[in-house]
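Throughout, a chain's letter reflects where its sequence line sits, starting with A, and its residues are numbered from 1. Values below: all heavy atoms of this structure, side chains included; hydrogens, waters and symmetry mates excluded.
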Amino acid sequence: MPNSAAINAGDTAWVLVSAALVMLMIPGLALFYGGMVRVKSALNMLMMSVTCLAVVTVVWVLYGYSLAFGPDAGGVIGTLRDAGFSGIGTHAVTGSIPTLAFAAFQLMFAAITAALLSGSIADRAKFGSWIVFVIAWVTVVYFPVAHWVFDPSGWISAHLHVLDLAGGTVVEINSGASGLALALVLGRRLGFKRDPMRPHSIPLVVMGAGLLWFGWFGFNAGSALASGGLASVAFINTQVAGAAGVLGWLGVELRRDKHATTLGAVSGAVAGLVGITPACGSVNPLGALVIGLLAGVAAAYAVGLKFRLGYDDSLDVAGVHGVGGLVGTLLIGVLATAAVTGGARGLFYGGGFDQLGRQALAAVVVGAYAFAMSWLLAKGIDRWLGFRVSRDDELAGLDLIIHGETAYDIAGHTAGVGHRIGQSVSSSQAVPEQDAASAKIRP
Amino acid sequence: MPNSAAINAGDTAWVLVSAALVMLMIPGLALFYGGMVRVKSALNMLMMSVTCLAVVTVVWVLYGYSLAFGPDAGGVIGTLRDAGFSGIGTHAVTGSIPTLAFAAFQLMFAAITAALLSGSIADRAKFGSWIVFVIAWVTVVYFPVAHWVFDPSGWISAHLHVLDLAGGTVVEINSGASGLALALVLGRRLGFKRDPMRPHSIPLVVMGAGLLWFGWFGFNAGSALASGGLASVAFINTQVAGAAGVLGWLGVELRRDKHATTLGAVSGAVAGLVGITPACGSVNPLGALVIGLLAGVAAAYAVGLKFRLGYDDSLDVAGVHGVGGLVGTLLIGVLATAAVTGGARGLFYGGGFDQLGRQALAAVVVGAYAFAMSWLLAKGIDRWLGFRVSRDDELAGLDLIIHGETAYDIAGHTAGVGHRIGQSVSSSQAVPEQDAASAKIRP
Amino acid sequence: MPNSAAINAGDTAWVLVSAALVMLMIPGLALFYGGMVRVKSALNMLMMSVTCLAVVTVVWVLYGYSLAFGPDAGGVIGTLRDAGFSGIGTHAVTGSIPTLAFAAFQLMFAAITAALLSGSIADRAKFGSWIVFVIAWVTVVYFPVAHWVFDPSGWISAHLHVLDLAGGTVVEINSGASGLALALVLGRRLGFKRDPMRPHSIPLVVMGAGLLWFGWFGFNAGSALASGGLASVAFINTQVAGAAGVLGWLGVELRRDKHATTLGAVSGAVAGLVGITPACGSVNPLGALVIGLLAGVAAAYAVGLKFRLGYDDSLDVAGVHGVGGLVGTLLIGVLATAAVTGGARGLFYGGGFDQLGRQALAAVVVGAYAFAMSWLLAKGIDRWLGFRVSRDDELAGLDLIIHGETAYDIAGHTAGVGHRIGQSVSSSQAVPEQDAASAKIRP
Amino acid sequence: MRLITAVIKPFKLDDVKAALEAFGVHGLTVSEASGFGRQAGHTEVYRGAEYQVDLVPKLRLEVVCDDDDADDLIEAIASAARTGKIGDGKVWSVPVEAVVRVRTGERGSAAL
Amino acid sequence: MRLITAVIKPFKLDDVKAALEAFGVHGLTVSEASGFGRQAGHTEVYRGAEYQVDLVPKLRLEVVCDDDDADDLIEAIASAARTGKIGDGKVWSVPVEAVVRVRTGERGSAAL
Amino acid sequence: MRLITAVIKPFKLDDVKAALEAFGVHGLTVSEASGFGRQAGHTEVYRGAEYQVDLVPKLRLEVVCDDDDADDLIEAIASAARTGKIGDGKVWSVPVEAVVRVRTGERGSAAL
Ligand SMILES: Nc1ncnc2c1ncn2[C@@H]1O[C@H](COP(=O)(O)OP(=O)(O)O)[C@@H](O)[C@H]1O
Ligand SMILES: Nc1ncnc2c1ncn2[C@@H]1O[C@H](COP(=O)(O)OP(=O)(O)O)[C@@H](O)[C@H]1O
Ligand SMILES: Nc1ncnc2c1ncn2[C@@H]1O[C@H](COP(=O)(O)OP(=O)(O)O)[C@@H](O)[C@H]1O
């Protein structure tokens, strides 16, 4: 099937690769988060991400794409005309790429943004309630906000003329504010501030962070939706800000804790990458350096707030994504350079306070909307289904209780010893008086 | 060196990336499988995949490419003209990409398909016999079947007009049927159905599954061999089916076991991705949703068959790849839509039973050929070299016996204690009466 | 912003993807190395790579790119005109891609080459000194050598006409020689040759190797800086040499140790990939087979030298990268074929000793320069700051001492038990007489 | 001297330790263990196969003490470890003939 | 009361447990251990360097029982754990002065 | 017979083992343990929160021996394990009533 003439193979290749890269961020996030929790709920953490990937994808096909990018209704939301991708075939084009490639790319953004939220409620959420929340949240929060900012006819894009190439508002501030609301509704983990809740596997965290960084090139540079100068500057800015974020966070640690930690290094990387997400297509590499550094520093301080103020945003969604996204979104108003944006300039380059004001307004509106709606949704689900597991289940760990699994069986020579399959199978050997009918191996 | 005019840089970029993505599926599979076995044979599981990557690559260069895609001999096999890539330089073109790019892409398919088989004989195969089997199997089974389906002059492609973009027959049904044969020849693991043989590291399994999903975009959308509408629809279908597969498998688990497990989620993802492999270029996203869901459900039930029927397909190659591949290959005959295929239509879209019949025929022929030949090869090797390790070796675990290694040394503070390097080195300290000549550090 | 006409979207897509792939090699290397050391210093190993990624990136933006690829000064170094990428906007073009894409790609080379060195000094380096060394080393060693070989006006490139597509000299021989110098300056680990220092997690090593192999496609085939025939031959050669390297190393092991090990397989892969790095754009796939095989065999023997000769190149940077890089760089002089190079031919194809001589000269010069300068830098830093930790710290493990962390907390049911957060928090419960002022949770 | 061994639920360690410290005992040795007993294990499911895990995670504590303290200490440990639910564990004591502090070679009570 | 400690080969756990249950003993505590002894360890090779690992994996079982049962139990455990090959392990018993069930505070036989 | 239990610093295992072998003892059982005591633990920091880890890694050695050898063995173990720094650990002994070699059923000294 020959391509429509409007399709550029190079641009399409880049966007498809970028979509795959963003997809990889979801297992990356799962490992990043999963390594950071205690071993007894590690699988639950993985599952919250994995199910986002599954559930949001299905919702996206059914109606999500259409709400976010279907024909505009008043700058606020898309209509349902494109639900089920009806009428969108292989020849449909968006810009210089197939619409289905664009839809696949944007799908991944929705899925990972939802997955980000799971970090704020580690170790204590009912699994079914989480799934319900995810479906409600993407519908009520993510799709509209994506329409406002990413769709050319959305009100933030069309009227506020906010610069946000890859989602400082849609993804980062949105997830930060929503995560905070979730953490408040669910309350603190048992033992918060008393028991150590240290990462059970930092190599897993590093691996996850590595995949996140790698995928972020698709996230940011892929948002150019074409393969050329804009993608290239977004690419190198991403790299530079991630690097600077590492240095920013480690700097804070060395000053405060006297140790440069591995967890700090990768947390700083994520903070820097978050910071540059909105700005990657508006600043030059030196600007990216500043943004990454400040995002790293700000997030390193922000994560301590939860102990001071007593909310349990367990894996620091607000502290890293909220704060980092805010830093980046605002600093566009300072550091945007006309050589990169092709027009708009920040305060530092003589653009005055105009752009900065627009950026701040968008940040506040998105943050407030996300916080309020997420709080309402979470509260509603809590009333309806309960959102938090019982005390005993939380102490025992969600892996065993909810998923019937444990993460590892490597702790030495009892690995595999002292277990029995079902009842009858082992009993046929050791406990012959038991009833063979209780066999539990299922077809 | 300037490119030949026939080469499209965008298409080439996409196929090269896709080849790399499929390569990554092999370590991904290694981790996926390796995490699923007991710790005492985890490295052996990794090694079976790694050596496939090595051995199949070398065979491919020497004669494999030529057998699969060399000049056609009667629709059944390629001739040896292109052995060693002789005469295939940087200017040779296949479609709109360099032939060497096409050859690299197809190489990865051969390697991963062989690696898939290892799952059916976890924990009990002689390593040398496995290598011999792999060489024999790709030669006798994979290369011919790839020629039938993927080469335009192969009989299934040219005469049956079967739709199979990325290898539902060549890769999935083929590996499923061959894996089943292998499992039957080698017999059950000691303690099968009695001892629990639970995954030693589910985070490893999830990580492997993440890499598999990521790589699958190259596998499926790369099979378009160009970067445009077809690749894009294959891409989004892949995503959708993987997601639906998760939901399908978890649905079965919730109904049957009352737990939605992590292993189930990623198994469902793989089943969904397997299901869409043949169909990704023939159905629309809603079709992909149906295929992924059904593949997930079918595989979730199928894996239980091994306990019922008593064959030990240890990691469910037949249950996941065989069954999932069959579901996808057949459902093309139902759900193919002319808007995507550019012609052929499935039953549901008014295409009648024609395409469905062709699909079924191809599935049966490939499955039967693969099963029969694999059984013969495995039996032959078993007679000749023995294919199964001794009882004691199996109990002790293959890692120590075959590879002289253990997977982990992290179990706490005896890590690294109580070992000695060779004899003389430590003895020079603690056991001075021993003979220095027994030093074992090798140059 | 429309692209400049000189920019080819397909080529740009390929180089951006390649840059991302090479970036991924750094976490890949971190895991590869991190899995290979004892658990007590595993995080330190990860951190040495992660901080290279951060530090080298920042240095690259500030002045590194300009030293390596800025306006040539006598074939020896670039001038500082392009420092801070000043004047290099989104429209600047190098070849057929944006200059920023080229700069991002080359950035990753600098970062990973520096990270490679960390393997030679596992478990014993002061963290601050390592950072200082990295900055000095890229400035004094890497940037000049990159200019010599990779910049068209560098003396090795312009005058010696050495063939080295992806850095057999710049990356491999350079890191091998520098790593050896570092190992000599820091001296042997306590217990070297007496205690076993076995890998703490081979699955981590395999995962790292998988990411390295995957990323190497970007490293080698991306070095074509365009998406076409040259990239394709480099791609397939990379695959073939990695595969042959596995077989080469395992062959040596089977002959010598009677075990084909997992660590050996992935080490062989890396050796083969190292070997083909310079040669991937000069030989055909059969040539790649020979180079990969010989690199695997040579490295398998070379790693034993450290025990014989008594230098502690802990993770075999010299043994694998130095030796493998040398094999590849020299064999270009033997196996280069005009059909691939478009001109130059090796000894085997009738090219005489000319090319071989040039290759040898470049190898010797780069190796000698790297060794000498690295030795001087390391010695200087050792005098100035001390480069090695104290005996007690080395025994205790660097993770706890330097980073205040431990890698895992999964060893069973004491996971998370018996720890307290800070002083006051727990004391408020169990040891009430302690002083609340000693609280240690930091904002 | 006596050696008191206690098998307890892991999350009770901090309480037991506090009880010992309140008693003036500042040393103890802890190791991981698993117990079979009245307390039920749990079930895990992998690809549809259910595994019954009978071993329950426990911690095993050892305290060497003076003969006179033994009974009180046993009591203190048992109450600190008590939840009242099945599986709380056991405490037992055995007579010790000699005890040495490795660092100094001190013996008997002085070694504790 | 007696405390019986058995060091056995790991894969023999299920057999020993069955033997204990047949004897009417329904509680025991298991921990991981490693043994040096006559049984040879194994060799591992990493990048050409051979390591001799002398520690052999074992399980360590503890059962507190009545004095009268001790000898029979030792016998039962030993036969259940026996493979006849070197490294089968050891069983020993020591006198117990007191035993308490944590949950209830019961002492002596009632605590088992 | 006696059972000697030693809690030592992990890196001292090889020295203790050598001392035992020099004494003619060729069997022992090792398990992992953690100790609370005078020896300070360490501090870890994760995202700015400091954790004080009080448990210190130790190895726990068990040797069954003849009554006559017990005192000398305790001495030998203690000196081999000594570094002179806090946290070197403890060695204690308890009386053993019976010991059996699982493989053969041999009892008493013959079982060692
Ligand atoms: N006879 C015994 N000898 C040694 N340990 C035992 C014995 N019986 C029970 N235990 C240990 O005590 C734990 C708790 O025993 P269990 O019977 O479950 O509950 P409870 O002590 O509350 O009646 C077991 O998990 C096991 O570790
Ligand atoms: N004197 C001892 N004290 C404590 N444990 C011992 C002693 N001797 C042997 N063991 C334990 O018994 C195990 C088996 O001993 P070994 O000498 O290998 O075989 P066997 O008991 O069959 O002669 C050892 O691995 C060790 O755990
Ligand atoms: N009363 C005790 N009972 C059992 N083990 C103890 C006791 N006191 C100390 N230990 C063990 O001995 C180890 C060393 O004790 P510690 O007080 O730190 O140093 P030292 O023995 O040098 O005075 C502790 O970590 C603990 O494992």
Side-chain angles (χ1 to χ4, degrees), chain A residues 1 3-4 7-13 16-17 19-20 23-24 26-28 30-31 34 42-43 46-47 50-51 53-55 57-58 61 84-85 89-91 98 100-101 103-104 107 127 201 204 207 402-405 407-412 415-416 419-421 425-426 429 441-443, chain B residues 8-11 13-14 17 21 38-39 193-203 206-207 209-210 213-214 217 221 226-233 235-236 239-240 243-244 246-247 256-257 259-263 265-266 269 284-286 289 301 304-305 307-308 339-340 342 407-408 411:
Chain A
M1 212 174 10
N3 280 328
S4 140
I7 292 178
N8 178 303
D11 292 343
T12 303
L16 288 180
V17 170
M23 192 304 292
L24 187 63
I26 297 171
L31 302 176
L43 296 180
L46 299 179
M47 274 297 264
V50 170
T51 50
L53 185 58
V55 166
T57 297
V58 170
V61 172
F85 290 116
T90 55
H91 292 286
L100 288 175
L107 185 171
F127 187 60
S201 172
L204 216 59
M207 189 180 320
I402 294 183
H403 305 294
E405 296 172 300
Y408 304 97
D409 191 22
I410 56 173
H419 304 57
R420 288 179 293 136
I421 299 196
V425 186
S426 77
Q429 304 229 334
I441 292 190
R442 306 288 178 66
Chain B
N8 179 304
D11 292 344
W14 176 238
V17 171
L21 286 169
R38 289 164 294 173
V39 72
K193 277 172 87 173
R194 188 194 63 216
D195 302 340
M197 295 171 172
R198 54 148 297 187
H200 87 275
S201 172
I202 294 184
V206 172
M207 189 179 321
W213 189 320
F214 176 59
F217 291 121
S227 169
L230 180 58
S232 300
V233 76
F235 189 106
I236 200 164
Q239 174 70 13
V240 171
V246 172
L247 300 183
R256 186 183 60 186
D257 313 318
H259 288 290
T261 71
T262 313
L263 182 61
V266 296
N284 61 30
L286 291 176
L289 197 63
Y301 282 114
L305 284 180
F307 295 114
R308 283 238 191 119
V340 179
Y408 304 97

Query - Which atom of B:Asp11 lies closest to which atom of A:Ala9, heavy atoms considered - result: OD1-CB, 3.5 Å

Query raised in the report: Tell me, do B:Leu247 and A:Val55 make a side-chain contact under 4.5 Å, heavy atoms counted?
Result: yes

**Report entry** Region of B:Ala260 that comes under 4.5 Å of a non-hydrogen atom in chain A
**Finding:** both

Requested in this report: Measure across B:Phe235 and A:Ala20 and return the closest heavy-atom pair with its distance rounded to 0.1 Å.
Outcome: CZ-N, 3.5 Å

Query raised in the report: Checking heavy atoms, do the side chain of A:Ser201, its backbone, both or neither come under 4.5 Å from chain B?
Result: neither

Query raised in the report: Are B:Leu263 and A:His403 side-chain neighbours, meaning at least one heavy-atom pair lies under 4.5 Å?
Result: no

Query raised in the report: Can you tell which of A:Ala42, A:Ala13, A:Pro27 has the highest number of heavy-atom pairs within less than 4.5 Å of chain B?
Result: A:Ala13

Requested in this report: Of all the heavy-atom pairs spanning A:Gly404 and B:His259, show the shortest one and how long it is.
Outcome: N-ND1, 3.6 Å

Query raised in the report: Is it the side chain or the backbone of A:Leu16 that comes within 4.5 Å of chain B heavy atoms, both, or neither?
Result: both

Query raised in the report: After noting the C-alpha distance and the side-chain angles of B:Val246 and A:Leu53, does the key distance pass the side-chain contact (heavy atoms from CB on, under 4.5 Å) rule?
Result: CA-CA 9 Å; B:Val246 172; A:Leu53 185 58; over 6 Å; no

Query raised in the report: For B:Ala407, is it the side chain, the backbone, both or neither that has a heavy atom under 4.5 Å from a heavy atom of chain A?
Result: neither

Report task. With a 4.5 angstrom heavy-atom cut-off, could you sort out which part of A:Leu107 is near chain B: side chain, backbone, both or neither? Result -> side chain

Report task. Please identify each residue that fulfils side chain to side chain donor-acceptor pair (under 3.5 Å) with A:Thr12, with sequence neighbours left out. Result -> none

Query raised in the report: What is the minimum heavy-atom distance between B:Val240 and A:Thr57, and which atoms define it?
Result: CA-CG2, 3.7 Å

Requested in this report: Hey, could you give me the CD1/OG1 distance between B:Ile236 and A:Thr90, rounded to the nearest 0.5 Å?
Outcome: 12.5 Å

Query - Short side-chain to backbone donor-acceptor contact, A:Glu405 and B:Thr262, under 3.5 Å - result: yes

Query raised in the report: Between A:Met23 and B:Phe217, what is the shortest heavy-atom contact and its length?
Result: CG-CE1, 3.6 Å

Query - Beyond-backbone contact of B:Trp213 with A:Leu24, side-chain heavy atoms, under 4.5 angstrom - result: no

Query raised in the report: Considering only heavy atoms from C-beta outward, does the side chain of B:Pro203 approach that of A:Leu43 to under 4.5 Å?
Result: yes

Query - Residue part contacting chain A, namely of B:Val206, when any heavy atom lies under 4.5 Å - result: side chain

Query raised in the report: Which atoms form the tightest heavy-atom contact between B:Ala243 and A:Val58, and what is the distance?
Result: CB-CG2, 4.4 Å

Query raised in the report: For A:Ala103, is it the side chain, the backbone, both, or neither that has a heavy atom closer than 4.5 Å to a heavy atom of chain B?
Result: both

Query raised in the report: Taking only residues two or more places apart in sequence or in another chain, which ones pass side chain to side chain donor-acceptor pair (under 3.5 Å) with B:Ser232?
Result: none

Query raised in the report: Can you say whether B:Val17 sits under 4.5 Å from chain A via the side chain, the backbone, both, or neither, judging by heavy atoms?
Result: side chain

Query raised in the report: Where the side chain of B:His200 meets the backbone of A:Tyr408, is there a donor-acceptor pair that is under 3.5 Å apart?
Result: no

Query - Part of A:Val61 lying under 4.5 Å from any heavy atom of chain B - result: side chain

